[in-house]
Protein chains: 2
Amino acid sequence: MGIKERKERHKEDLKAKILEAAKKLFVKEGYEATSIRKIAAEIEFSPTTIYLYYKDKTDIAYALHQEGFSLLRERLSALIYVEQPFERLKAMGRAYIQFALDHPDFYELMFIMKEPMEYLQAHHPEEDWPEGERVFDGLIQTVEACQKAGYFVDMNTAEVAMLSWSVVHGLCSLHITSHFKHIAEKCSSYALPEHEALLESIFQTYIRLLDGLK
Amino acid sequence: MGIKERKERHKEDLKAKILEAAKKLFVKEGYEATSIRKIAAEIEFSPTTIYLYYKDKTDIAYALHQEGFSLLRERLSALIYVEQPFERLKAMGRAYIQFALDHPDFYELMFIMKEPMEYLQAHHPEEDWPEGERVFDGLIQTVEACQKAGYFVDMNTAEVAMLSWSVVHGLCSLHITSHFKHIAEKCSSYALPEHEALLESIFQTYIRLLDGLK
DNA sequence: TGCATATATTAACAGTGTTAATTAATTTTG
DNA sequence: CAAAATTAATTAACACTGTTAATATATGCA
């Protein structure tokens with residue numbers, strides 16, 4: 001039954017091509033502007049064909065969401081070579097910020113928009129969010145290692161991990177939504193770095209707070 | 001010319017009624033689901049009448065955005081009675097979190113969505129964001145007072161303020177976008193508090209880090 | 001070759017924000 | 001007071017959106 005297999009392969013191909021087209025449009029024009037009809041035009045199929053491969057638009061959003069997480073995981077897992085756990089934690093924070101700066105659209109989809117997470121809750125209430133968990137697991141393990149090295153003593157590991165995440169996410173999302181931009185302009189008397197360097201600098205301030213601990 | 005004034009007043013009234021209707025729908029069903037046509041039906045006018053009072057939909061979003069900021073400012077300015085600056089800073093953080101929990105829709109509009117800030121940038125590039133700045137000014141002043149009391153020494157005031165903001169915003173936004181929910185479920189071994197108590201608990205963890213400084 | 005199945009398409013529905021043209025009401029002016 | 005001008009509100013329309021049902025087309029199997 002080689003024919004059947006070829007059809008299967010074609011089907012997989014088309015599904016991938018849809019996602020590829022969606023990603024292209026989405027990176028260029030954002031999620032809202034990426035319509036089913038535009039995706040269809042991109043791959044030269046009729047709009048309804050998309051629905052043979054993806055349940056609805058949020059299904060596509062979720063697929064991209066997953067892609068984003070494997071991109072992020074790649075970057076973070078590259079840091080296992082940093083042996084000192086606290087140094088690794090800091091490096092993870094910087095890598096996370098850099099990811100957000102390099103892929104603001106993906107970041108928005110992964111962490112700012114509600115749609116993909118709500119889709120997850122509605123359609124996969126069981127297994128929930130394997131990609132995200134793997135990333136978070138890495139963070140948990142690093143925090144645990146930090147605790148063994150004398151940092152964050154007597155603190156809940158998961159809570160420290162969530163706090164670390166909150167700090168960098170707060171920085172990245174306030175940057176992406178251009179909240180920082182507006183505020184920074186009015187803080188000329190404080191000699192703040194500009195744009196992306198500001199994020200790095202605030203993160204450094206956070207690190208200095210943590211350094212004061214041990 | 002009392003008639004002219006009455007008409008002016010009527011015009012102001014209708015503008016306010018539109019905003020009121022928009023707020024009602026927006027709080028109940030969210031921003032996307034709040035269409036111009038629904039707002040119009042709510043006040044029993046035709047959809048195009050809205051455009052005589054607001055430039056476009058983002059103009060309405062921005063008006064609500066501003067309302068949200070005066071709500072937040074009310075809460076934060078109620079904390080000036082807390083004399084110890086570091087205590088006040090902590091209280092501001094808790095009040096900010098409570099605001100996000102009490103008004104998640106407003107919070108989303110104010111800090112998560114891009115539309116109102118982009119509208120601001122596009123239509124009022126000069127004066128930029130008076131409501132937001134006043135809130136941030138209060139934070140800056142509190143941080144400054146903390147520094148005079150020996151906290152955050154040798155650190156950039158504005159950066160410490162932005163960091164403080166990032167921490168609570170990170171917490172609130174990851175909560176609202178239900179990212180924490182999915183992660184927390186998989187962290188049963190860490191005995192985490194549930195839902196909103198989790199935010200308070202993580203914030204407490206942050207406070208413990210800061211407490212270790214002075 | 002004929003039938004069944006999977007695949008893709010067209011047509012359509014119910015919405016969306018927004019603008020132009022038109023009508024109704026009100027105020028100002030001759 | 002009546003006519004003209006201004007203002008306010010409406011209807012109709014455009015160009016979209018996501019999505020579904022009904023229809024056509026091509027393919028694999030007996």
Side-chain angles (χ1 to χ4, degrees), chain A residues 1-19 21-22 25-26 28-65 109 113-116 118-119 122-123, chain B residues 1-19 21-22 25-26 28-65 109 113-116 118-119 122-123:
Chain A
M1 296 273 169
I3 298 155
K4 214 167 196 172
E5 278 171 27
R6 201 197 54 208
K7 285 209 98 183
E8 280 288 315
R9 214 163 43 237
H10 170 75
K11 223 176 149 176
E12 288 299 312
D13 274 9
L14 193 44
K15 186 159 187 173
K17 271 188 83 173
I18 291 170
L19 197 63
L25 288 166
F26 152 78
K28 209 199 319 175
E29 317 185 42
Y31 178 74
E32 295 298 330
T34 303
S35 70
I36 299 285
R37 281 170 176 84
K38 282 185 194 166
I39 298 171
E42 184 74 31
I43 59 169
E44 294 179 292
F45 275 79
S46 95
T48 47
T49 305
I50 311 277
Y51 289 90
L52 300 173
Y53 297 87
Y54 290 94
K55 204 191 149 295
D56 52 29
K57 202 188 170 185
T58 60
D59 195 4
I60 298 174
Y62 178 62
L64 287 173
H65 176 98
L109 199 62
M113 284 176 48
K114 290 168 88 175
E115 252 150 317
E118 279 169 358
Y119 170 85
H123 297 86
Chain B
M1 294 279 169
I3 299 156
K4 213 167 193 174
E5 279 173 24
R6 201 197 56 207
K7 286 210 95 184
E8 279 288 314
R9 221 170 29 244
H10 169 76
K11 224 176 147 179
E12 288 298 311
D13 274 10
L14 192 45
K15 186 159 187 174
K17 272 187 81 174
I18 291 169
L19 197 62
L25 288 166
F26 152 76
K28 209 200 317 178
E29 316 184 43
Y31 179 74
E32 294 297 329
T34 302
S35 71
I36 299 284
R37 282 170 177 83
K38 282 185 194 167
I39 297 171
E42 185 74 29
I43 58 169
E44 294 180 292
F45 276 80
S46 95
T48 47
T49 304
I50 310 279
Y51 289 89
L52 300 174
Y53 297 86
Y54 290 93
K55 207 191 147 296
D56 52 28
K57 201 187 171 186
T58 59
D59 195 3
I60 298 175
Y62 178 62
L64 288 172
H65 177 98
L109 199 61
M113 284 175 49
K114 290 168 90 174
E115 253 152 317
E118 279 171 357
Y119 170 84
H123 295 87

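In what follows, chains carry the letters A, B, and so on, assigned in the order in which the sequence lines appear, proteins first and then strands, with residues in each chain numbered from 1.
- Regarding Leu52(A), its CG atom lies at a distance of 18 Å from the P atom of dT5(C), rounded to whole Å.
- Look at CD1 on Ile36(B): it is 9 Å from C1' on dT18(C), rounded to the nearest Å.
- Under a cut-off of 6.0 angstrom, the local environment of NZ in Lys38(B) is crowded, with over 12 non-hydrogen atoms contributed by other residues, nucleotides or ligands.
- For the pair Phe45(A) CZ and dA26(D) C1', the computed distance is 13 Å after rounding to whole Å.
- Listed nucleotides: dG17(C), dT19(D), dA9(D). Nearest to the side chain of Ser35(B): dG17(C).
- Remark: Lys57(B) qualifies as a cation-pi partner of Tyr31(B) under the 6.0 Å distance and 45° angle criteria applied to the six-membered ring.
- Across all strands shown, Thr58(A) has no heavy atoms under 4.0 Å from either base or sugar-phosphate atoms.
- Atom CD of Glu32(A) is separated from atom C1' of dT17(D) by 10 Å (rounded to the nearest Å).
- At whole-Å resolution of the value, CD in Glu44(B) and P in dT10(D) are 11 Å apart.
- We find that CG of Leu14(A) is positioned 17 Å from P of dA26(D), with the value rounded to whole Å.
- The closest donor-acceptor contact from the side chain of Tyr54(B) to the backbone of Lys15(B) lies under 3.5 Å.
- No hydrogens or angles were tested; on distance alone, a donor-acceptor pair under 3.5 Å links the side chain of Arg37(A) to the base of dG18(D).
- For dT9(C), the OP1/OP2 oxygens have a side-chain nitrogen or oxygen of Ser46(A) closer than 4.0 Å.
- Computed from coordinates, the Ile60(A) CD1 to dT17(D) P distance equals 13 Å when rounded to whole Å.
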Starting from the C-alpha separation in whole Å, work towards a yes-or-no answer on side-chain contact (heavy atoms from CB on, under 4.5 Å) for Ile43(B) and Ile50(B). CA-CA 10 Å; Ile43(B) 58 169; Ile50(B) 310 279; 4.3 Å; yes
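- A close approach under 4.0 Å does occur between a side-chain nitrogen or oxygen of Thr49(B) and OP1 or OP2 of dT10(D).
- When the C1' atom of dG17(C) is taken as reference, atom OH of Tyr119(B) falls 15 Å away, rounded to whole Å.
- Remark: the Thr48(A) side chain and the dT19(D) base include no donor-acceptor N/O pair separated by less than 3.5 Å.
- Taken from NZ in Lys55(B) to OH in Tyr119(B), the straight-line distance is 6.5 Å, to the nearest 0.5 Å.
- Proximity note for Lys38(A) (side chain, C-beta onward) versus dT17(D), dT18(C), dT16(C): the nearest is dT17(D).
- Side-chain nitrogen and oxygen atoms of Tyr53(B) include at least one within less than 4.0 Å of the OP1 or OP2 phosphate oxygen of dA9(D).
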